[in-house]
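Below, chains carry the letters A, B, ... as their sequence lines are ordered, and counting in each starts from 1.
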Number of protein chains: 2
Amino acid sequence: MSTMETRPRLPAAERRESILAAASVVFGERGYAGATTDQIATAAGISQAYVVRTFGSKEALFVEVARRAVGRIEAAFRAAIADDDGRPVARRLGQAYIELVADRGILLSLLHIFSLGSDPAIGPVGRDGFLTIYRLVRDEAGLSPEDASHFLAEGMLINTVLALQLHGSDDPDAVELVTQVCGGDLGHFRTLAGG
Amino acid sequence: MSTMETRPRLPAAERRESILAAASVVFGERGYAGATTDQIATAAGISQAYVVRTFGSKEALFVEVARRAVGRIEAAFRAAIADDDGRPVARRLGQAYIELVADRGILLSLLHIFSLGSDPAIGPVGRDGFLTIYRLVRDEAGLSPEDASHFLAEGMLINTVLALQLHGSDDPDAVELVTQVCGGDLGHFRTLAGG
DNA sequence: TGTACAAGTAATCAACCGATTACAACCTGA
DNA sequence: TCAGGTTGTAATCGGTTGATTACTTGTACA
């Protein structure tokens with residue numbers, strides 16, 4: 001369950017990373033307001049006081065988690081663009097995205113960033129990140145504005161299906177919808193997402 | 001700012017409605033965990049104790065708000081299907097949806113329902129609601145599974161754009177993206193959503 | 001009229017949370 | 001070796017929150 005259980009002392013840089021990994025999971029499960037610094041500390045195997053002191057505040061920690069999540073999407077998309085295996089680029093991007101948000105911590109971090117769009121500290125991070133991704137699929141992957149928009153739309157539906165855990169439902173309509181969403185490869189989708 | 005400011009005593013049924021209206025706004029602004037029963041009470045013009053006693057708990061109140069939000073989508077979609085003005089049904093549904101989620105309370109209630117997909121009390125409400133909407137656009141509006149899926153995807157992108165408040169941004173790429181999302185009628189979109 | 005129930009609140013409680021402080025343990029190098 | 005910086009924690013504090021209790025006020029109707 002916990003991300004780190006090693007006991008020995010760690011250099012500050014590594015400790016930061018382990019806290020960020022734990023925070024991504026806990027923020028994902030409970031949301032920004034719902035998560036506590038103590039839950040994050042327990043998941044990271046350290047004291048609550050150390051979590052707060054390392055990042056200054058709970059809000060600063062969440063902003064850093066949000067930036068990391070956007071950064072991982074960027075990196076995955078650039079890799080998918082560079083690794084041309086003959087399939088259309090949108091297809092490669094889609095698969096890269098699904099593999100990424102199969103990590104529930106990242107998925108739910110994204111959703112929480114969206115719903116905090118009017119927060120003065122987190123809103124700008126979300127807007128900049130989303131536009132960065134839009135520019136990336138338009139300019140670097142070469143999609144038209146219309147195709148880029150459709151691609152993002154499919155991604156947002158994937159978010160919703162995974163968040164609601166509609167994969168894993170055996171309702172026939174759910175199966176039909178999820179099959180549409182994952183482009184037909186339901187088995188692979190469920191394996192990735194743990195449905 | 002507040003939804004109700006009338007002072008006189010109200011029968012329980014009407015008071016329930018006014019609390020639900022206030023709760024939709026406050027839950028939307030702060031999220032489930034972030035909203036307090038006292039903020040809801042203030043918005044409804046009554047005491048915090050009465051809010052809790054009327055619904056039993058904060059969670060029960062949120063579940064009711066969530067059910068109402070799904071119900072409003074259902075109702076709006078049925079109306080859009082029935083009111084055939086010659087435009088394609090998907091177009092009518094899209095406009096009805098935008099008019100609905102221009103209400104930030106409803107929009108953010110939906111997003112919070114999604115991110116609470118693994119909550120034992122709220123998750124089932126979200127799954128049932130989403131599948132109900134899927135069946136509605138497929139069976140009653142007559143869209144193919146593929147078209148229905150695309151329609152829902154566009155809706156989820158609309159959610160994200162509105163939540164992040166990308167309408168209202170003057171970044172040229174944001175304008176381009178939002179124009180795609182709203183089907184070209186940027187002015188009308190911004191008027192509705194207050195960007 | 002008066003009483004019984006419905007509408008509504010003030011006051012309070014136990015639990016929780018983020019942050020601060022003060023301190024302990026460990027490591028490095030001069 | 002011992003001084004100083006780094007890693008880490010225990011204890012605690014002020015503020016907040018959802019919920020409970022005991023109470024007041026209004027009103028329908030027999």
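For C/dG8, one of the phosphate oxygens OP1 or OP2 lies less than 4.0 angstrom from a side-chain nitrogen or oxygen of B/R15. Taking only side-chain nitrogens and oxygens, B/Y50 never comes nearer than 4.0 Å to OP1 or OP2 of C/dT9.
What separates CZ of A/R53 from P of C/dA19 is a distance of 14 Å, to the nearest Å. Rounded to an integer number of Å, the gap from A/F55 CZ to C/dG18 P is 15 Å. Residue A/F62 contributes atom CZ, which lies 15 Å from atom P of C/dA19 at whole-angstrom precision. Residue A/E14 contributes atom CD, which lies 11 Å from atom P of D/dT7 at whole-angstrom precision. Distance A/L61 CG to C/dG18 P: 11 Å, rounded to the nearest Å.
The base of D/dT6 sits within donor-acceptor range of the side chain of A/R9, with an N or O pair under 3.5 Å.
A/L61 places a side-chain heavy atom less than 4.5 Å from the side chain of A/I40. Side-chain contact between B/R16 and B/F55 is present, with at least one heavy-atom pair separated by less than 4.5 Å. The closest side-chain heavy-atom distance from B/R72 to B/D103 is below 4.5 Å.
Taking the ring axis of A/Y32 as reference, the NZ or CZ atom of A/K58 stays within 45° of it and closer than 6.0 Å to the ring centre.
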Every protein N/O lying under 3.5 Å from an N/O of nucleotides 16-19 of chain D:
from	atom 1	to	atom 2	distance (Å)
D/dG18	OP1	B/A35	O	3.2
D/dG18	OP1	B/K58	NZ	2.9
D/dG18	OP2	B/T37	N	2.9
D/dG18	OP2	B/T37	OG1	3.1
D/dA19	OP2	B/K58	N	2.9
D/dA19	N7	B/Q48	NE2	2.9
D/dA19	N6	B/Q48	OE1	2.9

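Look at B/R104 and B/E29 and you find no salt bridge, because none of the NZ, NE, NH1 or NH2 atoms lies under 4.0 Å from a carboxylate O.
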Pairs of donor and acceptor atoms involving the side chains of residues 178-187 of chain A, under 3.5 Å and at least two apart or interchain, shall be tabulated with distances.
from	atom 1	to	atom 2	distance (Å)
A/T179	OG1	A/V175	O	2.6
A/D185	OD1	A/H188	N	3.3

Kindly list each side-chain donor-acceptor pair under 3.5 angstrom involving residues 84-92 of chain B, sequence neighbours excluded, with atom names and distances?
from	atom 1	to	atom 2	distance (Å)
B/D84	OD1	B/G86	N	2.9
B/D85	OD1	B/R87	N	3.2
B/D85	OD2	B/R87	NE	3.1
B/D85	OD2	B/R87	NH2	3.2
B/R87	NH1	B/Q95	OE1	2.9
B/R87	NH2	B/Q95	OE1	3.1
B/R92	NE	B/R87	O	3.2
B/R92	NH1	B/A80	O	3.0
B/R92	NH1	B/I81	O	3.2
B/R92	NH2	B/R87	O	3.4

Donor-acceptor pairs are to be reported for all side-chain atoms of residues 106-123 of chain B against protein atoms at under 3.5 Å, with residues two or more places apart or in another chain.
from	atom 1	to	atom 2	distance (Å)
B/S109	OG	B/G105	O	2.7
B/S115	OG	B/L111	O	3.2
B/S115	OG	B/H112	O	3.2
B/D119	OD1	B/A121	N	2.8
B/D119	OD1	B/I122	N	3.0

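Residues forming a side-chain contact (heavy atoms from CB on, under 4.5 Å) with B/R135 (at least two apart in sequence, or on another chain): A/D171, A/D173, B/L131, B/T132, B/R138, B/D139.
When the C1' atoms of four end pairs are superposed on the next four at each end of the helix from C/dT1-D/dA30 to C/dA30-D/dT1, using five pairs per end, the two resulting axes differ in direction by 10°, to 10°.
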